[in-house]
Amino acid sequence: MPQNEYRNLIGGQWLPAQSGKTFSNVNPADHSDIVGQFPASGPEDVADAVAAAKKAFTTWRLVPAPKRAEILYRAGRILQERKEQYAQDMTREMGKVLAEARGDVQEAIDEAYYVAGEGRRLFGKTTPSELQNKFAMSVRMPVGVVGLITPWNFPMAIPSWKSFPALVGGNTCVIKPATDTPLSVYNLVQALVDAGLPPGVMNIVCGGGSSVGNALVEHPDIRAISFTGSSEVGSRVAQRAAANFKPVSLEMGGKNAQIVLDDANLELALDGALWGAFGTTGQRCTATSRILLQKGIAAEFTQKLVERARKLKIGNGLDESVEVGPQVNHGQIETSKKYVEIATGEGAKLLCGGHALTDGEFGKGTFFEPTIVGGVTKCMRIAREEVFGPVVALIEFDTFEQGIEIANSIDFGLSSALYTKDLNRAFAAIRDLEAGITYINAPTIGAEVHLPFGGVKQTGNGHREGSEAIEFFTTWKAVYVDYSDKLQRAQIDNAE
Ligand code: UN1
């Protein structure tokens with residue numbers, strides 16, 4: 001097998017796609033750099049992976065949860081040892097700057113240690129029975145074989161958010177990595193395998209959404225699906241899964257607002273806006289894509305933000321001095337371009353950026369300038385639709401209440417931020433912002449693994465990852481133990 005040829009992992013064996021087809025994983029900062037060839041799999045490969053996971057489930061579910069967790073602790077340590085290599089691999093396949101790629105690997109390490117602790121909890125409840133000499137309790141059970149469909153923007157962190165809680169809960173997994181970033185999933189799974197995860201417990205099947213993703217969602221032996229991606233695809237996943245009543249956890253888009261009030265620490269708010277809007281080249285579902293400015297500071301803030309955005313250093317994320325890496329592929333560049341056109345077409349003003357970079361070294365990859373559009377109103381598409389690129393819209397408002405109203409006037413509800421020194425307004429915003437996450441005096445990005453992660457409205461379907469992921473990856477069993485030695489009829493024998 002050539003060094004950069006990768007295979008599926010099925011039942012502990014590295015196998016090519018049955019069709020023999022492959023696809024290339026390219027470096028978005030330099031398309032001539034091919035990171036590797038990965039299998040372009042189909043439903044037949046999914047079927048094999050599900051069968052392997054089903055077989056492994058018969059024994060994995062019986063491994064005591066603290067023992068399952070020990071593997072995660074070991075995987076966390078292995079990830080720590082390999083952090084630099086895995087971060088370099090990630091930057092090469094996804095483009096995010098090295099500091100952020102290290103952060104992405106760190107998030108998987110944090111998740112390993114956090115979730116491993118769950119191995120000695122997985123708490124159920126005991127409760128009194130209405131009958132004498134009868135014991136009642138609830139216990140958590142694994143769901144079975146679960147399908148994980150993961151995105152390219154957090155190529156290791158998000159797969160860890162899904163797979164680690166699934167594994168500690170006693171489930172076995174089939175994961176479909178995003179086709180732009182499969183290597184980071186390989187690295188994550190390699191750490192698990194090296195930590196002692198038995199064959200078949202974690203399987204990888206690479207390939208596209210229509211061939212691999214749909215087959216996973218529709219497979220009768222897949223008991224639950226966890227998906228992170230766009231709202232458009234998430235809706236299709238949920239509809240397909242509904243045919244078999246399959247539980248689906250969806251983590252989707254955002255149009256996250258940072259609100260800056262007149263009394264805010266402006267320099268702090270500027271730092272937050274730049275990091276939230278242009279960190280990860282705007283390719284986070286938590287990215288700041290709207291900045292709502294109270295009239296008193298709007299002009300000064302806008303001028304300073306534009307000045308600083310223009311100075312951001314764009315380039316290959318492997319260069320430590322670079323602040324903004326490439327977008328992941330041509331499709332994302334086209335979306336950024338399209339939204340700049342839509343915004344200016346609707347009367348917004350392009351304040352900086354707005355173009356793909358094609359000169360010199362930039363021509364080798366897919367780069368887009370940090371872009372700010374001003375004079376945006378809440379009805380414009382640039383104020384309502386997700387771009388998933390380095391494009392941020394500025395909207396001005398008069399009163400605090402108007403700011404909150406504009407922040408809430410969209411179909412998404414993932415993250416939100418308020419900059420103010422006014423404690424009363426901060427708490428009112430915490431109560432009133434329609435979002436799964438609210439930051440006070442901090443940017444919209446930067447969630448930590450041990451808090452609930454997810455959103456309201458079209459961002460999700462009610463589930464949360466992070467601290468609550470275990471709720472999705474376990475199911476409840478109610479247990480009654482009668483030690484009276486006689487038939488006791490609930491609702492009848494204890495009646496007055
Ligand atoms: C995402 O953008 O899909 O809060 C996840 C953050 C990161 C996770 C982002 N810890 O920005």
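Here, residue 1 is the first one in the sequence, and each next residue gets the next number. In listed order, ligands and their atoms are each counted from 1.
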*Who's touching ligand 1 if we go heavy atoms under 4.0 Å?*
Glu107, Asn153, Phe154, Ile158, Trp161, Arg284, Cys285, Thr286, Ile445, Gly446, Ala447, Phe453
_Minimum heavy-atom distance between Pro151 and Ala178, given as atom pair plus value_ = C-CB, 3.6 Å
Indicate yes or no: does [X] engage [Y] in a salt bridge with an N to O separation below 4.0 Å.
X      : Y      : result
Arg77  : Asp194 : no
Glu218 : Arg240 : yes
Glu405 : Lys378 : yes

*asked:* Under a plain distance cut-off of 3.5 Å, with no hydrogens placed, do Glu251 and Trp161 share a side-chain donor-acceptor pair?
replied: no
*Cys173 pairs by side chain to side chain contact (heavy atoms under 4.5 Å, CB included) with which of Val189, Asn203, Leu167, Val145?*
Leu167
